Amino acid sequence: MIKDLVASLDYSLCAEIALGLFVATFVVIFYGALRLSSDASERFASIPLSDQVEDPRDE
C-alpha cells in the first residue's frame, strides 16, 4: 500500500523547487555581500586572524 503510494508520487517538481530556493538564497547572500561597507568587510576578513571573539556587525 505505502509502496504503491510512494511509487505514484511525482518528485520532479521538488527538484525545481530546490533549484529555485538555491538560486534565491544565492542572490540574497550575494546582494548582502555587495552591500557591506569596506570597514565591515575588513572586520569580517580579520576574524580568522584574531583570537578574540567578537561580532563584526556590532559597533
Side-chain angles (χ1 to χ4, degrees):
M1 175 85 174
I2 294 176
K3 187 176 181 180
D4 293 334
L5 177 66
V6 171
S8 67
L9 292 175
D10 184 21
Y11 293 109
S12 63
L13 185 61
C14 294
E16 294 172 5
I17 291 172
L19 179 63
L21 288 173
F22 170 77
V23 170
T25 303
F26 181 81
V27 167
V28 167
I29 291 173
F30 186 74
Y31 179 71
L34 288 178
R35 290 194 56 217
L36 280 177
S37 66
S38 61
D39 185 42
S41 62
E42 287 179 18
R43 284 184 281 147
F44 276 117
S46 68
I47 289 174
L49 303 175
S50 174
D51 290 334
Q52 299 175 350
V53 178
E54 60 185 50
D55 187 5
R57 295 186 188 263
D58 290 342
E59 187 141 323

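These figures come from a predicted structure and were not determined experimentally.
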Can D10 and S12 be counted as having a side-chain donor-acceptor contact under 3.5 angstrom?
-> yes
Which heavy-atom pair separates S38 from S41 by the least distance, and what is that distance?
-> O-OG, 2.9 Å
From F44 atom CZ to D39 atom CG, the distance as rounded to the nearest 0.5 Å = 11.0 Å
Partner of L21 under side chain to side chain contact (heavy atoms under 4.5 Å, CB included), chosen from I17, L19, V23 = I17
Take atom CG in L49; do more than 12 heavy atoms of anything else shown fall under 6.0 Å from it?
-> yes
